[in-house]
Amino acid sequence: YRRALQGTPGDAKARLRLAELELLRGDIDAAGSMFREILERGGPPEVLRQAGRRALDLAEASGEVGSLVGMAVRRTQRDPGADEPREFLLEALDRAVGEQVDDWLRDHGRGRDPTRVAGLRRPLVDALTRGPVGTRLRAAHHLGQLQLPDTAVPLARMGSRLSAPRDAT
């Protein structure tokens with residue numbers, strides 16, 4: 001895999017396999033760094049989903065999921081129309097515990113950074129109108145939990161458009 005990456009450094013699949021091998025060898029730091037690099041560089045959605053899950057697993061084990069929230073927001077800004085970055089952001093928010101997200105929004109101690117708040121708010125509001133109902137509900141949950149500004153109207157719109165599944169009794 002290292003040789004494959006020397007020839008084609010942008011080969012996300014080869015980098016993913018190498019990261020998984022590093023993880024099997026017990027080099028968690030190297031594997032985590034490679035998974036994050038895949039997410040930053042981009043690649044096919046299925047490779048990004050796998051790298052995202054692995055990166056979140058490692059971050060969750062070390063209590064550092066909050067550190068991936070910023071990366072997730074940047075990825076949604078880079079590719080606002082794609083589903084995969086929004087899914088990664090929602091997964092990171094689902095796994096974050098305690099004050100991890102709020103610490104990121106506050107930039108570690110200061111008041112909430114308006115740029116970070118807007119950066120997080122935008123993909124969550126977008127998720128209210130796209131994808132399956134479960135994704136929309138997760139986005140609504142995080143918008144409410146994080147108390148992000150200017151979200152009442154989008155949440156009300158989403159709520160008015162949701163209906164029970166056709167086969168619900």
Item to complete: Search all heavy atoms of G43 against all heavy atoms of L48 and return the closest pair with its distance.
Response: O-CD1, 3.2 Å
Discussion item. Side chains of H142 and L90, heavy atoms from C-beta outward: is any pair under 4.5 Å?
Written reply: yes
Fill in: Gap separating the CG atom of L23 from the CG atom of D29, nearest 0.5 angstrom
11.0 Å
Discussion item. If the threshold is 4.0 Å, N to carboxylate O, is there a salt bridge linking E46 and R49?
Written reply: no
Item to complete: Looking only at non-hydrogen atoms, find the nearest pair between A12 and I38 and report the distance.
Response: O-CD1, 4.0 Å
Discussion item. Between R86 and D83, does any side-chain N to carboxylate O distance fall below 4.0 Å?
Written reply: yes
Fill in: Audit row: E99, R106, salt bridge (charged side-chain N to carboxylate O under 4.0 Å, His left out) steps and yes/no
CA-CA 10 Å; E99 300 294 320; R106 292 183 191 284; 5.6 Å; no
Worksheet item: Within a strict 4.5 Å, meaning less than it, do heavy atoms of the E40 and R78 side chains meet?
Response: yes
Worksheet item: When you look at D113 and L105, which way does the side chain to side chain contact (heavy atoms under 4.5 Å, CB included) test go after all the steps?
Response: CA-CA 6 Å; D113 180 336; L105 286 170; over 6 Å; no
Worksheet item: Quick one: are R121 and T151 in side-chain contact, heavy atoms under 4.5 Å?
Response: yes
Discussion item. Please list all pairs meeting side chain to side chain donor-acceptor pair (under 3.5 Å) that have one or both residues in residues 123-133, counting only residues at least two apart or in different chains.
Written reply: R122-D126
Practice prompt. Could you check if a side-chain atom of K13 sits within less than 4.5 angstrom of a side-chain atom of Q50, using non-hydrogen atoms only?
Written response: no
Response to the item:
Between L124 and A139, the two heavy atoms sitting closest are O-CB, 3.6 Å
Worksheet item: Is any NZ, NE, NH1 or NH2 atom of the basic residue among E91 and R53 found under 4.0 Å from an Asp or Glu carboxylate oxygen of the other?
Response: no
Worksheet item: At their closest point, which heavy atom of L39 faces which heavy atom of A55, and how far apart are they?
Response: CD1-CB, 4.0 Å
Discussion item. Restricting to non-hydrogen atoms, name the atom on E22 and the atom on A30 that form the minimum distance, rounded to 0.1 Å.
Written reply: OE1-CB, 4.3 Å
Worksheet item: Got L56 and F88 here, is their nearest side-chain heavy-atom distance under 4.5 Å?
Response: yes
Worksheet item: More than 12 non-hydrogen atoms from neighbouring residues, nucleotides or ligands closer than 6.0 Å to CZ on R54, yes or no?
Response: no
Discussion item. When you measure from the side chain of R116 to the backbone of W104, do you find a donor-acceptor pair of N or O atoms at a distance under 3.5 Å?
Written reply: yes
Worksheet item: Do you reckon L21 sits in the same ILVMFWY cluster as V47, going by side-chain contacts under 4.5 Å, direct or chained?
Response: no
Practice prompt. Give the minimum heavy-atom separation between R95 and E60, together with the two atoms involved.
Written response: NH1-OE1, 3.3 Å
Worksheet item: Should L89 and L120 count as side-chain neighbours, where that means a heavy-atom distance under 4.5 Å?
Response: yes
Worksheet item: Counting N and O atoms only, with roles assigned by atom type, does the side chain of Q100 sit under 3.5 Å from a partner on the main chain of G63, one being a donor and the other an acceptor?
Response: yes
Worksheet item: Does L93 reach the side chain of V65, with side-chain heavy atoms less than 4.5 Å apart?
Response: no
Item to complete: Answer yes if L146 and L68 sit in the same cluster of Ile, Leu, Val, Met, Phe, Trp and Tyr residues linked by side chain heavy atoms under 4.5 Å apart, and no otherwise.
Response: no
Worksheet entry | Side chains of L16 and M34 in contact at under 4.5 Å (non-hydrogen atoms) | no
Item to complete: Determine, using the 4.5 Å side-chain heavy-atom cutoff (strictly less than), whether M71 and L58 are members of one ILVMFWY cluster.
Response: yes
Item to complete: Verify, without hydrogens or angle tests, whether R136 (side chain) and G131 (backbone) share a donor-acceptor contact under 3.5 angstrom.
Response: yes
